[in-house]
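Only one structure is covered here, and it is reproduced in the block below.
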Amino acid sequence: MRKGIVAVLVLGLLVALSVSAFAGEGFYGRNAQEGSMGLGQGVTRPYIAEVLDMDEEALRDARREGKSMIGVAESRDVSADELVDSVVDFRREQMALMVEEGRVTAEHAEQCEEIMETRIRENLERVPEPRGGRMEQRQMMQGNR
C-alpha cells in the first residue's frame, strides 16, 4: 500500500513538471538569471532570436540588461501579441511532433495547450533577475543592516 502511494506521488510530480515544461512555464533560477527563459526554453530562445532577426548572443545580452523578451521584441518593432502568437504556434508544432513520435499522449498535449498561451505570455513578460539572484541580494541586505 505504501509503495503504491509513493509511486502515485512520484508519477504525479513527474506529470506536473512535464506539463509545466511543455507549456512553456519556466522555473526561476540559474537559467532565468543568465538571460534565458527558464526550463524548457532550449529550443524556444533560438526561435525567438530568429523571429526578432537577431543572433542569440544579442538576445542574451538584452536579457542580461534586464529586458523581458517582450521588451526586446518591442524594441525591434514586434508587438507583444505578435511574439506571443508566434511562440505559441511554435510550441504547438513541437507538441504535435511529440505526440506523433509517441513521446507524449494526445491527452497530455491537450492539457498543456490549455494553459500554454498564458504561461508563454508570463514567461515572455518576465524580467530576469540580476546576476547573483535573490540569495545574494538577501545576503547583501542583511550585511547592510
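Just so we're clear, the structure is a prediction, and the values are computed from it rather than from any experiment. All residue numbers in this chain count up from 1 along the given sequence.
- In terms of heavy-atom proximity, V43 sits nearest to Q94 at CG2-NE2, 2.6 Å.
- The minimum heavy-atom distance linking R126 with R63 is given by the pair O-NH1, 3.0 Å.
- Across every non-hydrogen atom of R76 and D53, the tightest pair is NH2-O, 2.8 Å.
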Under the side chain to side chain contact (heavy atoms under 4.5 Å, CB included) rule, what do R45 and M69 come out as? Steps first, then yes or no, please. CA-CA 9 Å; R45 186 178 43 223; M69 287 289 194; 4.2 Å; yes
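- I70 and A80 get closest at one heavy-atom pair: CG2-CB, 3.6 Å.
- M98 contributes atom CE, which lies 8.0 Å from atom SG of C112 (distance to the nearest 0.5 angstrom).
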One pair to check against salt bridge (Lys or Arg N to Asp or Glu O under 4.0 Å): E57 and R64. What are the steps and the verdict? CA-CA 10 Å; E57 192 58 36; R64 288 182 185 126; 3.4 Å; yes
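- To the nearest 0.5 Å, atoms CD (E50) and CG (L59) are separated by 12.5 Å.
- Residues passing the side-chain contact (heavy atoms from CB on, under 4.5 Å) test with E101, sequence neighbours excluded: L97, R103.
- Closest approach of A109 and M95 over heavy atoms only: CB-CG, 3.3 Å.
- The distance from the CG atom of D89 to the OH atom of Y47 is 7.0 Å, given to the nearest 0.5 Å.
- Residues forming a side-chain contact (heavy atoms from CB on, under 4.5 Å) with E82 (at least two apart in sequence, or on another chain): V78, S79.
- Counting only distance, with no hydrogens or angles, the side chain of R121 and the backbone of V84 share no donor-acceptor pair below 3.5 Å.
- Residues V99 and T105 are not in side-chain contact: their nearest non-hydrogen atoms beyond the backbone lie 4.5 Å or more apart.
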I would like to know whether V88 and E113 meet side chain to side chain contact (heavy atoms under 4.5 Å, CB included); could you show each step before the answer? CA-CA 9 Å; V88 167; E113 288 189 22; over 6 Å; no
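- Atom CD of E74 is separated from atom OG of S68 by 7.0 Å, given to the nearest 0.5 angstrom.
- Shown here is E110, whose CD atom has no more than 12 heavy atoms of other residues, nucleotides or ligands within 6.0 Å.
- Closest heavy-atom contact between S75 and K67: OG-NZ, 4.5 Å.
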With side chain to side chain contact (heavy atoms under 4.5 Å, CB included) as the criterion, how do V51 and V87 come out once you've worked through the C-alpha distance, each side chain's angles and the decisive distance to 0.1 Å? CA-CA 9 Å; V51 166; V87 172; over 6 Å; no
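- A salt bridge links R60 to E56: one of the charged nitrogens lies within less than 4.0 Å of a carboxylate oxygen.
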